Amino acid sequence: MSDRKLAVVVLAAGKGSRMKSDLPKVLHPVAGKPMLLHVLASVTALAPAETVVVVAPDMAAVEAAVAPGRCAVQAKPLGTGHAVAAARETLAAQIQDDDADLLIVFGDGPLLTSETLRSMLEARRAPEAAEIIGLAFRPEDPAAYGRVILDDSGHIEKIVEFADADTAQRQIDLCNSGIVIGAARCIFDLIGRLGSHNAQGEYYLTDIFGMASAEGRPAGVVECPAEEVLGVNSRADLALVESIMQQRLRRRAMAAGATLVDPETVWLSADTVLGRDVTVQPSVFFGPGVTVGDRVEIRSFCHLEGADVGDDVVLGPFARLRPGAKLGRAAHVGNFVEIKNVELGEGAKANHLTYLGDATVGAGANIGAGTITCNYDGFAKHRTTIGAKAFIGSNTALVAPVAVGDGALVAAGSTITEDVPDDALAVERSQQTNREGVAARFRNERQVAKKPDRD
Ligand code: UD1
Ligand code: CA
């Protein structure tokens with residue numbers, strides 16, 4: 001393949017009104033990541049010289065999500081051809097080279113793979129390649145997609161939008177994905193001459209194929225699986241795309257050596273990393289930013305986000321790891337334990353009914369059932385430090401800022417407000433008094449006073 005320059009335009013200026021959302025459509029997450037960023041990740045695999053995202057004037061949020069990548073603003077949504085033209089100025093420096101290529105993709109199609117994009121690039125860079133190449137697919141239901149009409153030599157004669165297609169054209173099952181690669185100079189030349197005399201009164205990017213063919217510049221076609229070019233136009237589409245993305249991520253996790261006991265019930269984020277010989281029991285949720293080491297056992301009903309789980313950890317059932325949870329090797333976190341912004345040392349255990357927030361817990365420490373770090377005073381968060389091999393008795397409240405030393409022991413039921421020295425025992429609870437016979441006496445009195453229940 002030659003090393004001609006490649007520039008990319010990502011179209012994202014569409015209103016997405018069918019989403020009925022305040023969030024621009026392309027920022028809706030799929031596997032915990034805005035769909036536009038999935039598209040950009042696939043594109044980046046081709047190492048383009050420049051990528052420009054075309055947005056509408058009111059899409060500052062999209063520009064922020066793309067930064068430091070560049071955006072161009074399409075002043076009015078006058079069609080896909082018009083949208084590509086809006087990127088021309090921003091791209092000027094990149095497409096001046098006579099032989100620069102341009103790739104056009106849609107921001108609302110997060111399932112597109114870099115493999116498919118690479119095969120388009122290869123087709124474009126093959127000897128005697130067509131000047132422009134469209135990506136087509138054959139869906140089970142061609143619905144309202146634009147139809148690709150091939151000539152006798154297998155080149156694209158034209159693409160007809162569904163709204164403009166006649167009955168015979170609507171029978172064609174080869175559909176247009178909208179994705180195009182070609183010589184930048186050729187594409188911009190054709191786009192500059194587009195008209196909008198069609199059913200929707202738009203400047204159709206797709207019209208460049210008919211124009212090229214009419215001028216004796218045959219356009220090529222590459223086909224891809226229908227799944228990859230599913231576009232998101234509604235919440236139902238979003239759910240469908242999410243389910244396909246989840247299948248891919250589960251397959252990837254299993255291929256990397258994790259056992260998902262019941263894959264369909266495990267929800268993964270695009271960036272979830274599971275190590276070798278990890279076992280994930282049914283019904284576990286991985287939010288963004290989770291890395292899991294080797295040989296970790298994650299039992300059912302755990303919820304993790306922004307967490308770094310070391311090798312040989314045992315988690316759950318019903319554990320919750322929030323952002324900043326960092327579990328050292330062989331730590332144990334059990335049922336109904338919530339951990340946020342905490343470094344848990346190697347082999348430390350917090351097995352039952354506990355909240356640890358903004359804390360450092362030393363290696364081998366044991367956190368008893370019902371321990372709570374009181375990290376928030378209503379205004380600010382404070383840290384708790386627990387030393388190595390410290391033992392925190394059940395039902396302890398640690399009122400931060402506070403430190404418990406290495407090897408220290410905190411008696412059950414204590415409310416700790418002052419630091420505990422290394423190897424000390426801290427007891428903070430009132431003296432127990434036993435009053436002999438009082439319970440029996442109380443019971444007798446109540447039984448005498450009680451009237452029979454019978455009527
Ligand atoms: C387009 C294709 C159609 C194809 C279908 C595949 C055209 C004319 N038609 O139709 O052949 O089968 O995709 O999904 O290209 N956009 C802008 N500015 C605009 C209009 C659209 O940025 O003025 C962006 C949208 O945000 C979207 C993409 O372009 O990401 C496609 O636009 P959309 O309106 O969904 O095109 P379709 O009508 O579905
Ligand atoms: Ca569409």
Side-chain angles (χ1 to χ4, degrees), residues 8-19 21 23-28 34-36 38-40 43 52-59 62-63 66 71-88 90 103-112 132 134-139 141-149 156 158-165 169-170 172-180 187 190-191 194-211 219 221 223-224 226-234 237-238 240-241:
V8 180
V9 174
V10 183
L11 302 189
K15 284 271 163 285
S17 46
R18 276 193 281 154
M19 294 294 283
S21 175
L23 187 68
K25 177 169 78 175
V26 295
L27 294 188
H28 279 262
M35 59 176 114
L36 176 60
H38 285 275
V39 175
L40 290 175
V43 160
V52 173
V53 178
V54 178
V55 297
D58 55 352
M59 287 186 180
V62 178
E63 295 188 47
V66 165
C71 288
V73 176
Q74 182 190 17
K76 282 187 187 158
L78 299 180
T80 47
H82 184 263
V84 176
R88 185 177 199 154
T90 315
L103 169 68
I104 301 158
V105 298
F106 291 173
D108 58 2
L111 295 172
L112 185 66
I132 51 176
L135 182 67
F137 63 109
R138 296 178 197 270
D141 174 14
Y145 287 113
R147 302 300 205 265
V148 178
I149 296 167
I156 298 180
K158 60 180 170 181
I159 293 176
V160 186
E161 287 307 287
F162 183 79
D164 301 287
Q169 290 167 334
R170 288 182 181 184
I172 294 169
D173 69 343
L174 188 62
C175 292
N176 175 36
S177 72
I179 294 159
V180 178
I187 291 175
L190 294 166
I191 282 175
L194 282 176
S196 59
H197 302 292
N198 52 53
Q200 301 181 86
E202 288 183 2
Y203 295 90
Y204 292 160
L205 173 62
T206 44
D207 281 351
I208 65 173
F209 288 91
M211 292 161 74
V221 64
E223 284 191 45
C224 75
E227 170 189 294
E228 281 197 37
V229 289
L230 270 176
V232 173
N233 295 306
S234 65
D237 293 341
L238 184 64
L240 177 61
V241 162

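Computation of the quantities below employed the complete heavy-atom set of this structure, encompassing side-chain atoms and omitting hydrogens, waters and symmetry-equivalent molecules. Atoms within each ligand, like the ligands themselves, are counted from 1 in listed order. As the structure is a prediction and not an experimental result, all values here were calculated from the model.
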Looking only at heavy atoms, what is the nearest atom pair of [X] and [Y], with distance?
X: Val26; Y: Ala12; answer: CG1-CB, 3.9 Å
X: Val148; Y: Ile172; answer: O-CG2, 3.6 Å
X: Gln74; Y: Ala83; answer: NE2-N, 3.3 Å
X: Asp207; Y: Ile159; answer: OD1-O, 4.4 Å
X: Asp173; Y: Pro139; answer: O-CD, 3.8 Å

I'd like to check [X] versus [Y] (side-chain heavy atoms, cut-off strictly below 4.5 Å). Are they in contact?
X: Asp164; Y: Arg147; result: no
X: Ile208; Y: Leu194; result: yes
X: Ile149; Y: Leu174; result: no

Would you mind running through ligand 1 and noting each atom that sits below 4.0 Å from a heavy atom of [X]?
X: Ala83; result: 17 (C), 18 (N), 22 (O)
X: Pro77; result: 23 (O)
X: Leu78; result: 23 (O)
X: Ala12; result: 22 (O), 26 (O)
X: Asp108; result: 27 (C), 30 (O)
X: Ser177; result: 6 (C)

Look only at interatomic distance and state if [X] has a nitrogen or oxygen under 3.5 Å from any nitrogen or oxygen of ligand 1.
X: Lys76; value: no
X: Ile159; value: no
X: Leu11; value: yes
X: Tyr204; value: no
X: Gly79; value: yes
X: Gly146; value: yes
X: Gly14; value: yes
X: Gln74; value: yes

Practice problem: Check Leu11, Ile191, Val180 against Thr80 for a side chain to side chain contact (heavy atoms under 4.5 Å, CB included) and give me the one that passes. | Solution: Leu11
Among [options], which residue places a heavy atom closest to [atom]?
atom: atom 3 (C) of ligand 1; options: Glu161, Lys15, Arg18; value: Glu161
atom: atom 15 (O) of ligand 1; options: Val10, Val53, Thr80, Ile104; value: Thr80
atom: atom 5 (C) of ligand 1; options: Ile208, Leu230, Asn176; value: Asn176

Quiz item: Should Cys175 be listed as contacting ligand 1, given a heavy-atom distance under 4.0 Å as the test?
Solution: no
Self-check item: Counterpart residues, salt bridge (charged side-chain N to carboxylate O under 4.0 Å, His left out), relative to Arg170 (two or more places apart)
Solution: none
Exercise. Sequence neighbours left out, what passes side chain to side chain donor-acceptor pair (under 3.5 Å) with Glu202? Give chain and number order.
Key: none
Quiz prompt | Proximity to ligand 1 by part of His82, non-hydrogen separation under 4.0 Å | solution = neither
Practice problem: Check whether any side-chain N or O of Lys25 sits under 3.5 Å from a backbone N or O of Val232 as a donor-acceptor pair, and report yes or no. | Solution: yes
